[in-house]
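First the proteins, then the strands, lettered A, B, ... as listed; each starts at 1.
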Amino acid sequence: MLDKQISQTITTIISELYGADNMVLPLEKTPKEQSGDFTVIIFPILKLAKQKPEDAAKAIGDALIKSCDIIEGFEVIKGFLNLRVTDQALYEAIKKHDCSIPKIADDDSTYLVEYSSPNTNKPLHLGHIRNNLIGYSISKILQACGHRVKMIQIINDRGIHICKSMLAWQRFGNEETPKSTNTKGDHFVGKYYVEYEKQYRKEVKELVDQGLTQEAAEKQAPLHQQVQKMLRDWEKKDPDTRDLWKKMNQWVYDGFDESYQRLGVSFDKNYYESNTYLLGKQVIADGLAKKIFYQKEDGSVWVDLTDEGLDEKLLLRADGTAVYITQDIGTAIERYQDYQFGHMIYTVADEQDYHFQVLFLILKKLGYPWAKNCYHLSYGMVTLPSGKMKSREGTVVDADDLMNQMHQTARSISESRDTPQGDSIYEMIGMAALKYQLLRVDPRKTVLFDPETSIDFHGKTGPFIQYTYARIQSIIRKYGAVKSYTQPKSLHPEERNLIKKACDYQNQVIQAAKQKSPALLANYLYELVKIYNGFYQENPILNADKQETTQFRVTLSHHIASIIEHAAQLLGFDVPDHM
RNA sequence: GCCUCAGUAGCUCAGUGGAUAGAGCAUCGGACUUCUAAUCCGCAGGUCGUAGGUUCGACUCCUACCUGGGGCGCCA
């Protein structure tokens, strides 16, 4: 691209003027309040040049004019050399430009991207939505960079929390089903999870009233006893327990499938904790035999990570049952057997930072060379003005409810501006509003979600981006078939800005991939669209003076639309032809 | 207590060693007989948590402190 070409020429010039080989001066985009396109920062060469900043800048500027035919002028302000590139160069650049990203040749290994990974005892909530959007988008971004990507998840389908909803349904369900109650399966099961907690608290309170301590009451409550028995039965593969488990999990999966489809995400393979925890236990037994781990008198198995600055960590309980990390070890190994991945990315909230540090160290201790290729894509949690979402306090923002609400808002805005569109467009707009709002924030940061102020559809939003795309489609419909670029006599400032921004697209995608941040791409896309809208406002397209100008501007608009669509796909939302 | 992440406009966020720190929302004021006004233009809004340090140059890097989130379970 232009910047590379300029940068290389400057390196040559520095070598000729000052005798320093391979010196690269920083080259940036000129800030908009200054005149120019690219800015060379002169300061780093001053010691070597033994000149004032202005003199060195002028010397380099003069040399650039001579040797680089895409530069038509420069301006020196202190240590900044502002370069202006020719219209011709910008025209050639946009003509050659498309959205494809040069493949990074030395890495054709597979990226595994894990995201979502819910428990099967309650429906998805807003936190899952953020997780899904980040995981899906980063997968698409890596794919766009030429990597082979497989999207996967681990489904936490076993454990005491699953047994709670099972027990509650068995005890209080009266044989009702999602079908008989016309309830989405995950919500149906979630209702019983809540019911368990309610009944359990009631039992505990009664026992406390009878004089027991809180701690004793919690242990002795009949439901607690029964749910523990149910977990033991499950581990013993008791047929009735397993049947109930299968039946209720299937209800949940049916519900999840609906939500995933609506979110627009999918998975190449699902891993289930109920399968992988056994491999995890096996690996831990092997590690114990090889003295990588050690056993305490009570029979529990531990790993000592104090040499790495961490602490000692339990891997198996005294009774031989698995803990959380047990299955994660098994899952990772199974995934390597399945895919021989070059990289594995875990999209998991930052509350588990420590867990993943431990997991990766254990895999390393076990001697898996691929342990160093595991990466925790840690993102901040979604919080409410009142703080963390808590299911017990009923403050959880349900994923399905929220999606419905987005759809309704899109509908009412559309109807209020007298341009009704139909359900599929409302869905497209509502989802874009939701997705953009969550993705535009740096993944590492906590997101604040205020249910009262609802998600915006104006300004820096998904619908704003979609609207711009729809406007361009409208122009194209009126114009007819888009032809190839014709060279205009000169470029307007808005056209120059637009072309420069468009040509920067690939850089932005590559940066987003490197930094694992869809937010970089989301913010870039907004800037691109903002510049386009300014251009649209100031420059007649179909009504331009000359037919060649119209052809150039329509072609440019069409080009921008294709970038918008490409970027939107990487962020996981669609763009409409009308809105 | 220890570890870790974050603190930028009233609110939500950009800014990843360069110039006078930028957007959106909200407020106020303009632009629809025109290619879609979910748009555009303008006004106003800041001791970049505090104090030191490194550097030609610090919102950005280092140190300490303050405030907030998260973690430090034989929970997941």
Side-chain angles (χ1 to χ4, degrees), chain A residues 26 28 30-34 39 41-44 46-47 53 77-80 82 117 119 121 156 158-162 273 296 298-302 309-311 314-319 321-325 327-328 349-355 357 378 380-381 383 385 387-388 410 413-414 416-417 419 429 433 437 440-442 444-450 453 456-468 470-479 511 515 517 519-520 522-524 526-527 529-530 533-544 550 553-554 557 578-579:
Chain A
E28 303 186 340
T30 304
K32 62 170 180 278
E33 59 272 20
Q34 303 287 340
T39 295
I41 314 283
I42 298 300
F43 297 106
L46 292 183
K47 268 190 198 132
I77 298 175
K78 295 184 279 184
F80 301 98
N82 295 331
S117 303
N119 292 342
N121 60 337
N156 302 113
R158 54 152 232 127
I160 195 83
H161 51 294
I162 311 295
E273 187 186 333
K296 290 192 177 173
D298 65 359
S300 58
V301 180
W302 295 72
L310 306 180
D311 52 14
L314 176 95
L315 301 177
L316 274 184
R317 295 190 185 101
D319 64 3
T321 56
V323 291
Y324 182 45
I325 205 159
Q327 60 88 13
D328 260 336
D350 60 10
E351 61 184 347
Q352 295 193 33
D353 286 354
Y354 185 73
H355 171 80
Q357 244 183 303
S378 166
M381 299 202 285
T383 61
K388 214 173 160 180
I413 290 173
S414 196
S416 72
R417 43 193 305 271
T419 53
I429 296 169
Q437 168 118 340
R440 77 190 191 99
V441 182
D442 183 339
R444 289 178 307 159
K445 295 201 176 173
T446 304
V447 163
L448 182 82
F449 179 84
D450 186 349
T453 57
D456 244 310
F457 284 66
H458 300 276
K460 188 173 180 178
T461 65
F464 171 84
I465 291 158
Q466 293 176 312
Y467 180 71
T468 307
R471 267 179 157 181
I472 295 173
Q473 298 314 306
S474 173
I475 285 181
I476 291 169
R477 277 192 299 275
K478 294 200 163 105
Y479 180 76
Q511 276 309 305
Q515 297 183 35
S517 172
L520 291 178
N523 285 304
Y524 162 84
Y526 170 75
E527 287 163 17
V529 165
K530 172 104 181 132
N533 278 321
F535 158 77
Y536 177 97
Q537 195 79 15
E538 293 301 316
N539 301 279
I541 298 170
L542 295 176
N543 306 323
T550 292
R553 289 180 181 164
V554 170
S557 298
H578 303 263
M579 72 183 273

Check: Using the P atom in both, what is the distance from B:G73 to B:A19, to the nearest Å?
Finding: 46 Å

Margin query: Please confirm whether the shortest side-chain N or O distance from A:Lys445 to OP1 or OP2 of B:U12 is below 4.0 Å.
Written below: no

Margin query: Check this for me: does any side-chain nitrogen of one of A:Arg444 and A:Asp442 sit under 4.0 Å from a carboxylate oxygen of the other?
Written below: yes

Next item on the list: Rounded off to whole Å, could you give me the CG-to-P distance for the A:Leu310 and B:G73 pair?
Entry: 12 Å

Check: Is the backbone N or O of A:Thr419 less than 3.5 Å from a side-chain atom of A:Ser414, with the two atoms forming a donor-acceptor pair by type?
Finding: yes

Margin query: Just to be sure I understand the rule, does A:Ile429 reach a base, reach only the sugar-phosphate, or reach nothing, if contact means heavy atoms closer than 4.0 Å?
Written below: base

Check: Contact class for A:Asp450 (heavy atom, under 4.0 Å): base, sugar-phosphate, or nothing?
Finding: nothing

Margin query: Counting only side-chain heavy atoms from C-beta out, which of B:C74, B:C25, B:G70 sits nearest to A:Asp456?
Written below: B:C25

Note to self: Does A:Tyr536 reach a base, just sugar-phosphate, or nothing at all? Heavy atoms under 4.0 Å.
What the structure shows: base

Checklist line | Assigned partner base of B:C43, Watson-Crick or wobble definition, under 3.5 Å | finding: none

Item checked: A:Glu351 CD to B:G73 P, straight-line distance once rounded to whole Å -> 15 Å

Next item on the list: Would you mind classifying the nucleic acid contact of A:Ser378 as base, sugar-phosphate or nothing, using non-hydrogen atoms under 4.0 angstrom?
Entry: nothing

Next item on the list: Check every strand shown and say whether A:Ile541 touches a base, only sugar-phosphate, or nothing at a heavy-atom separation below 4.0 Å.
Entry: base

Notebook entry, point to check: CZ of A:Phe43 to NZ of A:Lys78: how many Å apart, nearest 0.5 Å?
Noted result: 7.0 Å

Next item on the list: Supply the atom-to-atom distance A:Ile160 CD1 to A:Asn121 CG, rounded to the nearest 0.5 angstrom.
Entry: 11.5 Å

Check: Does A:Phe43 lie flat on the base of B:G18, that is, centres under 5.5 Å apart and planes under 30° off?
Finding: yes

Item checked: Between A:His355 and A:Asp328, a side-chain donor and acceptor under 3.5 Å -> yes

Notebook entry, point to check: In the structure shown, which nucleotide is the Watson-Crick or G-U wobble counterpart of B:C11, with both distances under 3.5 Å?
Noted result: B:G24

Checklist line | d(CG, A:Leu46; P, B:G57) in whole Å | finding: 13 Å

Item checked: Opposite nucleotide pairing with B:U63, Watson-Crick or G-U, both atom distances under 3.5 Å -> B:A51

Margin query: If I take atom NZ in residue A:Lys460 and atom C1' in nucleotide B:C11, what distance separates them, rounded to the nearest angstrom?
Written below: 15 Å

Notebook entry, point to check: Hey, does A:Asp328 reach any base, or is it just sugar-phosphate, or nothing, if we go heavy atoms under 4.0 Å?
Noted result: nothing

Check: Considering only B:A19, B:G15, B:G71, which nucleotide approaches the side chain of A:Tyr354 most closely?
Finding: B:G71

Margin query: Please classify the nucleic acid contact of A:Ser414 as base, sugar-phosphate, or nothing, using heavy-atom distances under 4.0 Å.
Written below: base

Margin query: Measure CD/A:Glu538 against P/B:C32 and give the value in whole Å, please.
Written below: 14 Å

Checklist line | Distance, C1' atom - from B:U4 to B:C41, rounded to whole angstrom | finding: 45 Å

Check: Is a donor-acceptor contact shorter than 3.5 angstrom present between the side chain of A:Gln511 and the base of B:U16?
Finding: no

Next item on the list: Would you kindly compare A:Val441 and A:Arg477 by the position of their nearest RNA chain B nucleotide and give the one closer to the 5′ end?
Entry: A:Val441

Next item on the list: Scan A:Leu520 against the nucleic acid and name what it touches under 4.0 Å (heavy atoms): base, sugar-phosphate only, or nothing.
Entry: base

Next item on the list: May I ask you to decide if the ring planes of A:Phe464 and A:Tyr526 are parallel, tilted or perpendicular, using 30° and 60° as cut-offs?
Entry: tilted

Note to self: Using the six-membered base ring of B:A19, report whether A:Phe80 stacks on it, requiring centroids under 5.5 Å and planes under 30° apart.
What the structure shows: yes

Notebook entry, point to check: On a whole-Å scale, what distance lies between the C1' atoms belonging to B:C2 and B:G15?
Noted result: 33 Å

Check: Is there a donor N/O on one and an acceptor N/O on the other, under 3.5 Å, for the side chain of A:Asn82 and the base of B:A19?
Finding: yes

Note to self: Using O4'-C1'-N9-C4 for purines and O4'-C1'-N1-C2 for pyrimidines, with syn meaning within 90° of 0, is B:C61 syn or anti?
What the structure shows: anti

Notebook entry, point to check: How close or far is atom P of B:U39 from atom CD of A:Gln537, stated in whole angstroms?
Noted result: 11 Å

Item checked: Nearest-neighbour nucleotide for the A:Lys388 side chain, B:A76, B:G71, B:G22 considered -> B:G71

Next item on the list: Output the single nucleotide from B:C35, B:C40, B:A37 whose closest atom is nearest the side chain of A:Tyr467.
Entry: B:A37

Item checked: Sugar-phosphate, base or nothing in reach of A:Tyr324, heavy atoms under 4.0 Å -> base

Margin query: Using heavy-atom distances to pick each residue's nearest nucleotide on RNA chain B, tell me which of A:Asp311 and A:Gln34 is more 5'.
Written below: A:Gln34

Next item on the list: Identify whether any heavy atom of A:Asp319 sits under 4.0 Å from a base atom; if not, whether one sits that close to sugar-phosphate; answer base, sugar-phosphate or nothing.
Entry: nothing

Check: Looking only at atom types and distance, does a side-chain atom of A:Thr550 sit under 3.5 Å from a main-chain N or O of A:Ile541, one as donor and one as acceptor?
Finding: yes

Note to self: If you only use heavy atoms from C-beta on, which nucleotide in B:C35, B:A19, B:A76 is closest to the side chain of A:Asn156?
What the structure shows: B:A76

Next item on the list: Measure from the side-chain heavy atoms of A:Arg444 and tell me the nearest of B:G7, B:G18, B:C5.
Entry: B:C5

Check: Out of B:G70, B:C72, B:G18, which has the shortest distance to the side chain of A:Glu28?
Finding: B:G18

Next item on the list: Indicate whether the side chain of A:Thr468 and that of A:Asn533 have a donor and an acceptor atom separated by less than 3.5 Å.
Entry: yes

Note to self: Please classify the nucleic acid contact of A:His355 as base, sugar-phosphate, or nothing, using heavy-atom distances under 4.0 Å.
What the structure shows: nothing

Next item on the list: Identify which nucleotide among B:U39, B:U16, B:G18 has an atom closest to any side-chain atom of A:Arg471, counting heavy atoms from C-beta outward.
Entry: B:U39

Notebook entry, point to check: Base, sugar-phosphate, or nothing: which does A:Ser474 touch, judged by heavy atoms less than 4.0 Å apart?
Noted result: base

Notebook entry, point to check: Over how many whole Å does the gap from A:Tyr524 atom OH to B:G15 atom P extend?
Noted result: 16 Å

Check: If you check every side-chain atom of A:Trp302, which of B:C35, B:G24, B:C74 has the closest atom?
Finding: B:C74

Check: Is A:Arg317 near enough to B:C75 that one of its side-chain N or O atoms lies under 4.0 angstrom from OP1 or OP2?
Finding: yes

